[in-house]
There are 6 protein chains.
Amino acid sequence: MRAQNRAAHQLRDIQIQRHFSTHAEGSALITCGQTRVLCTVSVEAGVPRWLKGKGQGWITAEYGMLPRSTHSRNPREAVRGKQSGRTLEIQRLIGRSLRAAVNLHLLGEYTLTVDCDVLQADGGTRTAAITGSCVALVDALRTLQYQKKLQQDPLKYLISAVSVGLVDGQVLLDLDYSEDSQADTDMNLVMTATGEFIEVQGTAEGQTYTQDQLIQLVNLGTQGCQQLIEIQQAALAQ
Amino acid sequence: MRAQNRAAHQLRDIQIQRHFSTHAEGSALITCGQTRVLCTVSVEAGVPRWLKGKGQGWITAEYGMLPRSTHSRNPREAVRGKQSGRTLEIQRLIGRSLRAAVNLHLLGEYTLTVDCDVLQADGGTRTAAITGSCVALVDALRTLQYQKKLQQDPLKYLISAVSVGLVDGQVLLDLDYSEDSQADTDMNLVMTATGEFIEVQGTAEGQTYTQDQLIQLVNLGTQGCQQLIEIQQAALAQ
Amino acid sequence: MRAQNRAAHQLRDIQIQRHFSTHAEGSALITCGQTRVLCTVSVEAGVPRWLKGKGQGWITAEYGMLPRSTHSRNPREAVRGKQSGRTLEIQRLIGRSLRAAVNLHLLGEYTLTVDCDVLQADGGTRTAAITGSCVALVDALRTLQYQKKLQQDPLKYLISAVSVGLVDGQVLLDLDYSEDSQADTDMNLVMTATGEFIEVQGTAEGQTYTQDQLIQLVNLGTQGCQQLIEIQQAALAQ
Amino acid sequence: MRAQNRAAHQLRDIQIQRHFSTHAEGSALITCGQTRVLCTVSVEAGVPRWLKGKGQGWITAEYGMLPRSTHSRNPREAVRGKQSGRTLEIQRLIGRSLRAAVNLHLLGEYTLTVDCDVLQADGGTRTAAITGSCVALVDALRTLQYQKKLQQDPLKYLISAVSVGLVDGQVLLDLDYSEDSQADTDMNLVMTATGEFIEVQGTAEGQTYTQDQLIQLVNLGTQGCQQLIEIQQAALAQ
Amino acid sequence: MRAQNRAAHQLRDIQIQRHFSTHAEGSALITCGQTRVLCTVSVEAGVPRWLKGKGQGWITAEYGMLPRSTHSRNPREAVRGKQSGRTLEIQRLIGRSLRAAVNLHLLGEYTLTVDCDVLQADGGTRTAAITGSCVALVDALRTLQYQKKLQQDPLKYLISAVSVGLVDGQVLLDLDYSEDSQADTDMNLVMTATGEFIEVQGTAEGQTYTQDQLIQLVNLGTQGCQQLIEIQQAALAQ
Amino acid sequence: MRAQNRAAHQLRDIQIQRHFSTHAEGSALITCGQTRVLCTVSVEAGVPRWLKGKGQGWITAEYGMLPRSTHSRNPREAVRGKQSGRTLEIQRLIGRSLRAAVNLHLLGEYTLTVDCDVLQADGGTRTAAITGSCVALVDALRTLQYQKKLQQDPLKYLISAVSVGLVDGQVLLDLDYSEDSQADTDMNLVMTATGEFIEVQGTAEGQTYTQDQLIQLVNLGTQGCQQLIEIQQAALAQ
C-alpha cells in the first residue's frame with residue numbers, strides 16, 4: 001500500500017505556482033506531495049568566455065537543499081565550503097536537460113541561470129526541479145520576448161522529469177522518500193513533450209534489473225512525464 | 001513619501017506563518033513587506049565539545065540568501081566555497097540574540113540550530129530573521145516539552161528586532177531596500193518583550209550622527225520592537 | 001568509417017595488465033585503444049564510522065586524470081583545490097558499480113579503496129575504469145583470501161562497462177574521443193556477467209532519442225559488456 | 001578594583017609609535033596597556049573594478065592576530081584556510097570607520113589598504129586598531145601630498161574608538177581582557193574629533209541593558225574617544 | 001648489504017622510455033629500480049602575466065603521487081583540497097632546476113608545463129622526476145623546432161639529479177625507500193652535464209654531518225649525476 | 001660596495017630581544033639589519049596522534065609575513081585561503097632545524113609550536129627566524145624546567161642559520177634583499193654550536209656554481225653561524 005492510497009502508476013499531487021519571486025525573470029514553486037522546490041531563472045546579457053562570438057546563448061543550473069529541508073538536518077554546503085558530489089551531479093543534469101529544451105542559437109548571447117532550491121524534500125527533488133524549472137524558463141523567455149530582446153521563442157518543447165522504481169518487485173511511479181529508500185532500482189527520466197528521451201538514468205541500488213524490467217520502467221516513466229507536461233501546460237495557460 | 005504611503009513610524013505589513021516546514025521541530029515563514037525569510041529550528045541531543053559536562057544547552061544560527069532573492073542574482077556561497085563576511089556577521093548576531101532569550105541551563109544538553117534562509121530580500125532581512133526565528137524557537141521548545149524532554153520552559157522572554165534609519169534627516173522605522181540604500185545612518189535593534197536591549201548597532205553610512213539623533217533612533221526602534229512582540233504573541237496564540 | 005576500419009559493433013583493442021603496481025593489493029592497467037587507465041585496489045581494515053558494527057565492508061572509488069592525459073592540458077585538480085563535478089560523478093558511478101559486484105557482508109569489516117587514474121584519455125575512461133577495476137578488485141579479494149583474512153569469496157559476479165552512442169543516426173559500440181564528441185546520444189552501461197543491469201545512463205547531447213533507439217543502444221551495449229567479461233576472465237585465468 | 005588601580009572612567013596607558021615600518025606609506029604601533037597592534041597603510045594607484053571611473057578612491061582594512069598574541073595559542077588563519085567570522089566582522093568595522101573619516105572624492109583613484117595586526121592582545125584590539133590606523137592613515141595621506149599625488153588633504157576629521165562596558169553594574173571605560181570576559185554588556189564606539197558617532201555597537205553578553213544604561217555607556221565612551229583624539233593629535237604633532 | 005647486492009656507489013637500474021604519451025609535446029617514463037615517474041611537457045603559446053612583453057619564455061612544474069604509488073595508500077591531494085608542503089617544495093625544485101637548463105630568452109614567449117606524476121614510489125622520486133623531465137623537455141624543444149616555432153635550440157645543457165646519503169656512517173648513492181628512511185643525512189643534487197651545481201640540499205635527519213662528510217656526499221653525487229647524463233644521452237640518441 | 005660599508009664577510013647588525021611577548025612561554029624579537037622577525041614558542045601538553053605513547057615530544061613551526069612587511073604589499077595568506085609554497089617550505093625548514101637541536105625523548109610528551117612572524121623583511125627572514133627561534137626555544141625549555149615539568153634540559157646545542165651568496169663573482173655573508181635579488185647563487189646554512197651541519201641548501205638562481213665555489217660558500221657561512229651562536233649566548237646570558 002502506498003501512502004494516501006496512491007496507485008502504482010499514479011503521480012503525487014502536483015502544483016506549480018508561477019511568479020513566486022518578485023525579482024526573477026521567471027520563477028515557479030513546484031510542489032510534488034511533500035516535496036517543494038523553488039525554481040528561479042535569472043537572465044544576464046553575455047555568455048561565458050568559451051562561447052563568446054559563437055552567436056549562441058547558454059543555460060546553466062545550480063541546485064541546493066536548505067539544511068532542514070530533510071528529515072534530519074544536513075550541514076549547509078556554504079559552511080562545509082563545497083558542494084557535494086550529489087549536488088554537482090544533480091545540477092549538471094538539470095542544466096543539460098534544460099539546454100536540450102531550448103534552441104541556444106535563437107536565444108542569442110544571453111545566459112540563463114536556473115536556481116533550484118529545495119525548501120522541503122520527500123523524494124524526487126531532482127525531477128521536480130527539472131519540471132518546475134521548465135515552467136520558470138518559459139516565463140523568463142516570455143519576459144525576454146516581452147522586453148523585445150528576443151524576436152522568436154527559442155523553446156523547442158516543454159520537458160518534464162519523473163522517477164520510477166522497482167520496489168518489492170513492483171514498478172512504481174514518482175517515488176516518495178520512504179519508497180525511494182527501499183527501492184531495488186531507481187530510474188529518472190527526462191522527456192520532451194513529443195515523447196522522446198533527453199536522459200534515462202537507471203541504477204540498481206539493491207538488486208540488478210533485467211531488460212524486461214528496464215522496458216517496464218521506461219514505459220511507466222513515459223506516462224508520468226506526459227501527465228506532467230499537461231500540468232505544466234495548464235499552469236502556463238493561467 | 002514612503003512606498004504604499006507608509007508613515008515614518010509605521011512597520012511594513014508583517015505576517016508570521018508557523019509550521020511552514022514538516023520536518024523541523026519549529027519553523028516560521030516571516031514576511032515583512034516584500035522580505036520573506038524561512039526560519040527553521042532543529043533540535044539535536046548533545047552540545048559542542050567545549051560545553052560538554054557543563055549542564056547547559058547551546059543555540060547557534062546560520063543565515064543564507066537564495067541566489068535570486070535579491071534584485072540581481074548573487075553568486076551562491078556554496079559555489080564560491082565560503083560564506084561572506086556579511087553572512088557570518090549576520091548569523092553571529094542572530095545566534096547571540098537568541099541565546100539571550102533562553103536560559104541555557106534550563107535547556108539542558110540540547111543544541112538548537114536555527115537556519116534563516118532568505119527567500120526574497122527587500123531590506124531588513126537580519127531583523128526579520130531574528131523576529132521570525134524567535135517564533136520558531138518557541139515552537140521547538142514547545143515540541144521538547146511536549147515530548148517530555150524538558151520539564152520547564154527555558155524561554156526568558158520573546159525577543160524581536162527592527163531596523164531604523166536616518167533618511168534625508170528623517171527618522172524612519174523598518175527600512176525597505178530602497179530606503180536602506182539612501183540612509184545616512186542605519187541602526188538595528190534587538191530587544192526583549194520587557195523593553196530592554198540585547199543589541200544596538202548604529203552605523204553612519206553617509207553622514208555621522210549626533211547623540212540626539214541616536215536617542216531618537218533608539219526610541220523609534222523601541223516602539224517598533226514592541227509592536228513586533230505583539231505580532232509574535234498573536235501568531236503564537238493561534 | 002571508424003578509425004582503424006572498426007565495425008560499428010566492434011570493441012577497440014582491449015588489454016588488461018594485472019599486477020602493474022608492486023604495492024597495491026590488486027592492480028590492473030587497462031588499455032582500450034588509446035585510452036589507458038591504471039586501477040589499484042587498496043585494502044584497509046575497518047569501515048567508515050557510519051558502518052561500524054554492522055558486520056559489513058565498504059568499497060569506495062576515486063578517479064583522476066593526469067593533467068596531460070588529454071589532447072590539451074587540463075589543470076590539475078589538486079592545484080585547483082577541488083575535484084570537478086565530472087570527476088565526482090564518475091567516481092560515484094565506479095564505487096556504486098563495484099559495490100553491486102560484491103557481497104559486502106561476506107567482505108567483513110574491510111574498506112577497499114579503488115583508485116582509477118587516467119594515464120591517457122581517448123574516450124570511454126569511466127567505462128574502462130570500471131572494467132579494469134573489477135579485475136584489480138578480484139586480485140585484491142584473492143589476496144585477502146590468500147592471507148586467510150577472508151574464508152569465502154565475496155564476489156557475486158564480474159561486472160563490465162561500455163559506452164554506446166548514436167552518431168549520424170548509427171548505433172556504435174565503444175566510442176573513441178572523436179566519435180564521442182560528435183554523438184547525438186551517449187550511453188554508458190554497467191552489467192553483470194549474468195547479463196543484468198547495474199547502471200544505464202543515456203544522455204541526449206545533440207538530439208533526443210526514441211524508445212526504439214534506446215532499445216537498440218541497450219542491445220548493442222549488452223553485447224559489448226559480454227565480450228568484456230570474456231576478456232576479464234581470460235586476464236584472470238593467466 | 002581595576003588592575004593598576006585604574007579608575008572606572010580612566011583609559012589604560014596609551015602610546016602611539018609612528019613610522020614603525022620602513023616600507024609602508026604610513027604606519028603606527030599602538031599600545032593600550034598590554035594590547036599592541038601594528039597598523040600599516042599601503043597605497044596603490046587604482047581602485048577596485050566596481051569603482052572605476054567614478055573619480056573616487058577606496059579604503060579597505062584587514063585584521064589579524066598573531067597566533068600567540070593571546071593567552072593560549074590560537075590556530076593561524078592562513079593554516080585553517082579562512083578568516084573567522086570575528087576577524088571578518090572586525091575588519092569590516094575598521095574599513096567602514098576609516099572610510100567615514102576621509103573624503104573619498106578628494107582621495108582620487110587610490111586604494112589604501114590598512115593592515116591591523118595584533119602583536120599582543122589584552123582586550124580592545126578592534127578599537128585600538130581603529131585609533132592606531134587613523135594615525136597611520138594621516139601619515140599615508142601626508143606621504144601622498146608630499147609626493148604631490150594629492151593637492152588637498154582628504155581627511156575630514158580624526159576618528160578614535162574605545163570600548164565601554166557594564167561590569168557588576170558599574171560602567172567602565174576601556175576594558176582589558178579580564179574585564180571584558182566578565183562584562184554583562186560590552187559596547188564599542190567609533191567617534192569623530194567633532195564628537196559625532198560613526199558606529200555604536202552595544203551587545204548584552206550576560207544581562208540585557210536599559211535605555212538609561214545605554215546613555216551612560218555612550219556618555220562615558222564619548223569622553224574616552226575625546227581623550228584618544230588628543231593622544232592622536234599629540235603623536236601627529238611630533 | 002644493499003638490496004640486489006648493489007655497491008655503495010652504484011645507481012639502481014635506470015630506464016627512460018620516451019614518447020610514453022601520445023598527446024604531450026614531450027614525455028618520458030623514467031624507472032629507477034622500483035620508482036616510476038611519468039613526465040610530460042606541455043607547450044602553450046604565451047607567458048604568465050608578469051612576464052608579458054619581456055621577450056622570454058617560462059617553465060613551470062607540477063608534481064603528484066598517485067594515491068597508491070606508496071607502500072600504504074596516501075590520501076589524494078585533489079580530495080584533501082590542497083597540495084601538501086612536500087609536494088609544493090618538490091615542484092618548486094623541479095621547475096627551478098629545469099629553468100636553469102634552458103635559455104629562456106631563446107625559448108621565446110612559450111610556457112612549458114612539466115607534469116611529474118609518480119606511478120610507483122621507492123625513494124628518489126624528486127630526483128627521478130628531474131632526470132626524466134629533462135629528457136621530455138628536450139623532446140618538447142625538438143617538437144617546437146620541428147614545427148618551426150623555434151629557430152634555435154634553447155637548451156643550455158642536460159641536467160640530472162640524484163640522491164646521496166649517510167646510512168650507518170656509509171656514503172651511499174641513489175637511496176631506495178628503505179635506505180632513505182634510515183639515513184642520518186639525505187642530500188639531493190641537481191647538476192649540469194658540465195659538472196656544475198644547480199642545487200645542493202643536504203638535510204640531517206638523524207645526526208648532523210661534518211664538512212668532510214659534506215664533501216664526500218657531494219663527490220659521490222657528482223659521479224652519479226654524470227652517469228645519469230650518459231643514460232639521458234643514450235635515450236635521446238635512439 | 002655593500003650598504004653601510006659592510007665587508008663581504010660581515011654580518012649585519014644583529015639584536016635579539018627576549019621576552020617580547022607576555023603570553024608565550026618563550027619569545028624573541030630578532031633584528032638583522034632591517035629584517036625583524038617575532039618568534040614565539042608555545043608549549044602544550046600532549047603530542048600529535050601519530051606520536052602518542054612513544055615517550056617523546058614534538059616541535060613544529062609556522063611562518064608568516066605581515067602583508068606590508070615587504071617593499072610592496074603582499075596579499076594576506078589568510079585571505080588567499082592558503083599558505084604559499086614558499087611559506088610551507090620555510091616553515092618545514094624551521095621545524096626540522098629546531099627538532100635537530102633538541103633531544104625529543106628528554107622533552108617528554110609536550111608539543112612546542114614555534115611561530116615566526118616577519119614584521120619587516122629585508123632578506124634573510126628564514127635564517128633570522130631559525131636563529132631567533134632557537135633563543136625563544138631555550139626560554140621555553142627553561143620555563144618548563146622552572147615549572148618542574150622537565151627535570152633535565154633537552155637542548156642538545158644551540159643552532160643558528162645564515163645566508164651566503166655569490167654576487168658578481170664575490171662570496172658575501174648575510175645578504176640583504178637587494179643583494180639577494182642580484183645573487184647568482186644563494187645558500188642557506190643551519191649549523192650547530194659544535195660546528196656541524198643540519199641543513200645546507202644552495203640554489204643557482206642565475207648561474208651555476210662549481211665545487212670550489214660551494215666550498216667557499218660553506219666556509220664563509222660556517223664563520224657567520226659561529227658569530228651568531230655567540231650573539232645568542234650573549235642574549236641568553238642576560
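Side chains are part of it too, since the values below use all heavy atoms of this structure and drop only hydrogens, waters and symmetry mates. Each chain gets a letter, A, B and so on, in the order its sequence line appears, and its residues count up from 1.
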Enquirer: Against chain C, label Asp115(E) side chain, backbone, both or neither, depending on which of its atoms sit under 4.5 Å from a heavy atom there.
Expert: both
Enquirer: Which bit of Glu62(E) is near chain C, if near means a heavy-atom gap under 4.5 Å: side chain, backbone, both or neither?
Expert: both
Enquirer: Report the C-alpha separation of Arg6(E) and Met1(E) in whole Å, then their side-chain angles, then the decisive distance to 0.1 Å, and conclude whether the side-chain contact (heavy atoms from CB on, under 4.5 Å) test is met.
Expert: CA-CA 8 Å; Arg6(E) 199 153 48 109; Met1(E) 248 342 187; over 6 Å; no
Enquirer: Count the heavy atoms of every other residue, nucleotide or ligand shown that sit under 6.0 Å from CD of Gln147(E), and state whether that count exceeds 12.
Expert: yes
Enquirer: Tell me, side chain or backbone of Thr70(E) under 4.5 Å from chain C's heavy atoms, or both, or neither?
Expert: backbone
Enquirer: Where on Ser42(E) is there a heavy atom nearer than 4.5 Å to chain C: the side chain, the backbone, both, or neither?
Expert: both
Enquirer: What part of Cys116(E) gets within 4.5 angstrom of chain C, counting heavy atoms only: side chain, backbone, both, or neither?
Expert: backbone
Enquirer: Write down the atom of Gln182(C), the atom of Ser178(C), and the distance for their closest heavy-atom approach.
Expert: OE1-O, 3.1 Å
Enquirer: Would Gln145(C) and Asp153(C) count as a side-chain contact (heavy atoms from CB on, under 4.5 Å) here? Give the steps.
Expert: CA-CA 7 Å; Gln145(C) 289 169 86; Asp153(C) 189 353; 3.5 Å; yes
Enquirer: Any side-chain heavy-atom pair from Leu141(C) and Pro154(C) closer than 4.5 angstrom?
Expert: yes
Enquirer: Name the region of Thr22(C), side chain, backbone, both or neither, that has any atom closer than 4.5 Å to a heavy atom of chain E.
Expert: both
Enquirer: List in chain and number order the residues that pass side chain to side chain contact (heavy atoms under 4.5 Å, CB included) with Gln227(E), two or more places apart in sequence or in another chain; answer none if no residue qualifies.
Expert: Leu11(E), Leu173(E)
Enquirer: Let's go through Gln15(C) and Asp13(C) carefully: what are the C-alpha distance in whole Å and the side-chain angles of both, what is the deciding distance for side-chain contact (heavy atoms from CB on, under 4.5 Å) to 0.1 Å, and is it a yes or a no?
Expert: CA-CA 7 Å; Gln15(C) 282 158 34; Asp13(C) 184 37; 3.1 Å; yes
Enquirer: More than 12 foreign heavy atoms under 6.0 Å from OH of Tyr157(E): is that the case here?
Expert: yes
Enquirer: Mind listing the closest non-hydrogen atom pair of Leu38(E) and Leu66(C) along with its distance?
Expert: CD2-CD1, 3.7 Å
Enquirer: In terms of heavy-atom proximity below 4.5 Å to chain E, should Ser27(C) be classed as side chain, backbone, both, or neither?
Expert: neither
Enquirer: Tell me, side chain or backbone of Ser72(E) under 4.5 Å from chain C's heavy atoms, or both, or neither?
Expert: neither
Enquirer: Give the C-alpha distance, both sets of side-chain angles, the deciding distance and a yes or no for side-chain contact (heavy atoms from CB on, under 4.5 Å) between Val118(C) and Ser69(C).
Expert: CA-CA 7 Å; Val118(C) 178; Ser69(C) 59; 4.1 Å; yes
Enquirer: Compare every heavy atom of Arg2(E) with every heavy atom of Ala7(E), then report the nearest pair and how far apart it is.
Expert: O-NH1, 2.9 Å
Enquirer: Compare every heavy atom of Ala129(C) with every heavy atom of Ser133(C), then report the nearest pair and how far apart it is.
Expert: OG-O, 2.6 Å
Enquirer: Do any side-chain atoms of residues 231-238 of chain C form donor-acceptor pairs under 3.5 angstrom with protein atoms, and if so which ones, sequence neighbours left out?
Expert:
| unit_1 | atom_1 | unit_2 | atom_2 | d |
| --- | --- | --- | --- | --- |
| Gln232(C) | NE2 | Thr131(C) | O | 2.8 |
| Gln232(C) | NE2 | Ile159(C) | O | 3.0 |

Enquirer: Does any heavy atom of chain C fall under 4.5 Å from the side chain of Arg36(E), the backbone, both, or neither of them?
Expert: side chain
Enquirer: With only heavy atoms counted, which part of Val41(E) is less than 4.5 Å from chain C, the side chain, the backbone, both or neither?
Expert: backbone
Enquirer: Give me the contact list for residues 82-107 of chain E versus chain C, heavy atoms only, anything under 4.5 Å, ordered by residue number.
Expert: Lys82(E), Gln83(E)
Enquirer: Measure across Ala24(E) and Thr40(E) and return the closest heavy-atom pair with its distance rounded to 0.1 Å.
Expert: CB-CB, 3.9 Å
Enquirer: Between Glu44(E) and chain C, which part of the residue has a heavy atom less than 4.5 Å away: side chain, backbone, both or neither?
Expert: neither
Enquirer: Looking at Tyr63(C), is Arg76(E) sitting on its ring face, NZ or CZ under 6.0 Å from the six-membered ring centre and within 45 degrees of the normal?
Expert: no
Enquirer: Looking only at heavy atoms and a cut-off of under 4.5 Å, which of Arg68(C), Gln34(C), Glu25(C) has the most pairs with chain E?
Expert: Arg68(C)
Enquirer: With chain C as the partner, which of His71(E), His23(E), Arg73(E) has the greatest number of non-hydrogen pairs under 4.5 Å?
Expert: His23(E)
Enquirer: For a quick test of reading the model, state the closest non-hydrogen atom pair linking Gly33(C) to Arg12(C) and the distance between them.
Expert: N-CB, 3.8 Å
Enquirer: Non-hydrogen contacts under 4.5 angstrom with chain E: give the residues of residues 46-60 of chain C involved, or none if there are none.
Expert: none
